[in-house]
Engineer: 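Please see the structure below; I have some questions.
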Amino acid sequence: MSADAADDYDVVILGGGSGGYACALRSAELGLSVALVEKGKLGGTCLHVGCIPTKALLHAAEIADAARESERFGVRATLDSVDMPGVNAYKDGVVGRLHKGLQGLVKAAAIDYVEGAGRLDGPHTVVVGDRRITGKNVVLATGSYAKSLPGLEIGGRIMTSEQALSLDHVPDRVVVLGGGVIGVEFASVFRSFGSEVTVVEALPRLVAAEDEALSKQLERAFRKRKITCLTGVRFAGASQSDDAVTVSLESGDTIEADLLLVAVGRGPVTDGLGYAEAGITVDRGFVPTDERLGTNVDGVYAVGDIVPGLQLAHRGFAQGIFVAEQIAGLSPVPIVESGIPRVTYCDPEIASVGLTEAQAREQHGAVETYEYNLGGNGKSQILGTQGFVKLVRAEGGPIVGVHMIGARMGEQIGEAQLIVNWEAHPEDVAGLVHAHPTQNEALGEAHLALAGKPLHAHA
Ligand SMILES: Cc1cc2nc3c(=O)[nH]c(=O)nc-3n(C[C@H](O)[C@H](O)[C@H](O)COP(=O)(O)OP(=O)(O)OC[C@H]3O[C@@H](n4cnc5c(N)ncnc54)[C@H](O)[C@@H]3O)c2cc1C
């Protein structure tokens, strides 16, 4: 069957999540004709079951903590209860408004939005139901799914982040399997809502991809919050009854809980979509690309979570924009993976960009580091938070890594990423004036100290 001329586009995008819709919007801005194929909801994981709803829960959690701890600040409030239907209504309201806004953007950009599950039939044709859509360029953006472990079936009291986002009650006891970003964010939410929480992590530390100093501080803070962290502990199995779920560990120990949250990572959604049949290299489910995000097949690109690397929404946005500009012939500058900022929104928050100290030692040999303790930062003291800003510098050279922990420190990542990506030296940043009293000052003070002129720095 030959393609209908009306179904021929400059760009056909499979998947309308962060990577796919960003590519569609930028392609349309550049005057390209675009079809965007989406089988679920426009906005994908991030908007509907990822970044946005989890951060809404974390904000509700912050409010619960503020009420619970109000007396510390001389305010007498009491936390009555956490009303999950109310929390969910707030969260769904946020998601709903953003979804509507996004739908409006796509419509206004005259993108042909195609609802339905698509699959490749050759490298330049996407089939959706009876429709065959051809593109001079095809962008694969089918995203990721929550993985489980062999033999661990999701259902009932055993759930992934997706089901945990719409609980109608606060469980008394929760086991979180996996101490990565998603695991520690949910552990933090559940604890703030009043659950007893145990995190089980096979690796020796929580958030193992981060600088080791951040993991240590997070574990200390979680211990203070009475979140039990079992690191270096291997999960053996789980069984459930009407009343409870029992989690067994390889050590022979068992933990009884009301809910087991499985947060062991996300796998790429590429199976059965015709990628390999179209000649596209698929490696353990992921689609490898070159630095210009091209696959091994001409005119076929991949963006977002299916491309090996950080699974973050803003990486997907940036990659989508990059591919649109590449197709339009603008020769965009390749995205440097280590320059992508990373924020984990648990309490305390973690924010980092660039190389960890260990990575910097590997790449640069000699490095200098400095840890500025938030104890010297006025605003952090006002908020009652602890933590630090750690800088990693190639000896005598630029800052190559910034690692921060403490309440609200995610908001400091903007300046940190400019510092790392613009290869600033501590002396450059030390010359910039940071407003007082802000947590942002901690970043400024860390650079002052590393430049040899500390102000409120306690040794
Ligand atoms: C609980 C959780 C919290 C997170 N928090 C953050 C955060 O705070 N910050 C952050 O940066 N990232 C966060 N992430 C990660 C972020 O959501 C992902 O990195 C991002 O959504 C990836 O975008 P994507 O476009 O690659 O894929 P997705 O957003 O998964 O989109 C893929 C889309 O493709 C569609 N699709 C799949 N197959 C087909 C098909 N055959 N036909 C048509 N459509 C198809 C899907 O329906 C989906 O809409 C979080 C993820 C989770 C799960």
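Side chains included, hydrogens not; waters and symmetry mates left out as well; all remaining heavy atoms used. Just follow the structure's listing: the first ligand is 1, and inside any ligand the first atom is 1. Start at 1 with the first residue, then count along the sequence.
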Engineer: Would one find more than 12 heavy atoms of other residues, nucleotides or ligands at under 6.0 Å from atom CD of Glu162?
Structural biologist: no
Engineer: Going by heavy-atom distance to atom 14 (N) of ligand 1, choose the closest among Ser144, Cys51, Gly50, Ala146.
Structural biologist: Cys51
Engineer: Do Tyr372 and Asn377 have side-chain heavy atoms sitting under 4.5 Å apart?
Structural biologist: yes
Engineer: Output yes when the distance from some N or O of ligand 1 to some N or O of Arg266 is under 3.5 Å, and no in every other case.
Structural biologist: no
Engineer: Please check if the number of heavy atoms outside Glu325 that lie under 6.0 Å from its CD is greater than 12.
Structural biologist: yes
Engineer: Indicate yes or no: at least one non-hydrogen side-chain atom of Gln439 is less than 4.5 angstrom from one of Met404.
Structural biologist: no
Engineer: For ligand 1, note which part of Ile306 has a heavy atom under 4.0 Å away: side chain, backbone, both or neither.
Structural biologist: neither
Engineer: Should the pair Tyr90 and His59 be assigned to parallel (<30°), tilted (30 to 60°) or perpendicular (>60°) ring geometry?
Structural biologist: tilted
Engineer: Is there a nitrogen or oxygen of Ile182 sitting under 3.5 Å from a nitrogen or oxygen of ligand 1?
Structural biologist: no
Engineer: Under the salt bridge (Lys or Arg N to Asp or Glu O under 4.0 Å) rule, what pairs show up with a residue in residues 349-358, not counting sequence neighbours?
Structural biologist: Glu357-Arg361, Glu357-Lys390
Engineer: Which atoms from ligand 1 have a heavy atom of Val49 less than 4.0 Å away?
Structural biologist: 1 (C), 53 (C)
Engineer: A side-chain contact here means heavy atoms from C-beta on lying under 4.5 Å apart; do Thr134 and His124 qualify?
Structural biologist: no
Engineer: Would you tell me whether Ser192 and Arg68 have side-chain atoms, one donor and one acceptor, within less than 3.5 Å of each other?
Structural biologist: no
Engineer: Side chain, backbone, both or neither: which part of Thr54 has a heavy atom under 4.0 Å from ligand 1?
Structural biologist: side chain
Engineer: Counting only heavy atoms closer than 4.0 Å, does ligand 1 sit against the backbone of Cys46, its side chain, both, or neither?
Structural biologist: both
Engineer: Considering Glu185, Arg119, Lys55, Gln319 one by one, which has a heavy atom nearer to atom 5 (N) of ligand 1 than any of the others?
Structural biologist: Lys55
Engineer: Which is closest to atom 11 (O) of ligand 1 in terms of heavy atoms, Ala263, Gly118, Ala313, Gly44?
Structural biologist: Ala313
Engineer: Is it the side chain, the backbone, both or neither of Arg315 that has a heavy atom closer than 4.0 Å to ligand 1?
Structural biologist: neither
Engineer: At under 4.0 Å between heavy atoms, which part of Glu162 makes contact with ligand 1: side chain, backbone, both or neither?
Structural biologist: neither
Engineer: Just go through Glu38, Glu115, Lys39 and tell me whose heavy atom is the nearest to atom 35 (C) of ligand 1.
Structural biologist: Glu38
Engineer: Flag yes if more than 12 heavy atoms outside Asp290 fall under 6.0 Å of its CG atom; otherwise flag no.
Structural biologist: yes
Engineer: Checking the N or O distance criterion of under 3.5 Å, is ligand 1 in contact with Gly43?
Structural biologist: no
Engineer: Any Lys/Arg nitrogen of Arg26 or Glu29 sitting under 4.0 Å from an Asp/Glu carboxylate oxygen of the other?
Structural biologist: yes
Engineer: Which one holds for Thr142 and ligand 1: side chain close, backbone close, both close, or neither close, with close meaning a heavy atom under 4.0 Å?
Structural biologist: both
Engineer: Who's the nearest protein heavy-atom neighbour of atom 30 (O) of ligand 1, and how far?
Structural biologist: Thr45 OG1, 2.5 Å
Engineer: Students should be able to answer this: which protein heavy-atom is nearest to atom 27 (O) of ligand 1, and at what distance?
Structural biologist: Gly143 CA, 3.1 Å
Engineer: Which residue owns the protein heavy atom closest to atom 31 (O) of ligand 1, what's the atom, and how far is it?
Structural biologist: Gly17 CA, 3.3 Å
Engineer: Can you find an N or O of Gly304 that's nearer than 3.5 Å to an N or O of ligand 1?
Structural biologist: no
Engineer: Using a strict cut-off of 4.0 Å, indicate which atoms of ligand 1 neighbour a heavy atom of Gln311.
Structural biologist: 15 (C), 19 (O)
Engineer: List the residues meeting salt bridge (Lys or Arg N to Asp or Glu O under 4.0 Å) with Glu185, not counting sequence neighbours, and say none if there are none.
Structural biologist: Lys55
Engineer: Between ligand 1 and Ser18, is the shortest N or O to N or O distance under 3.5 Å?
Structural biologist: yes
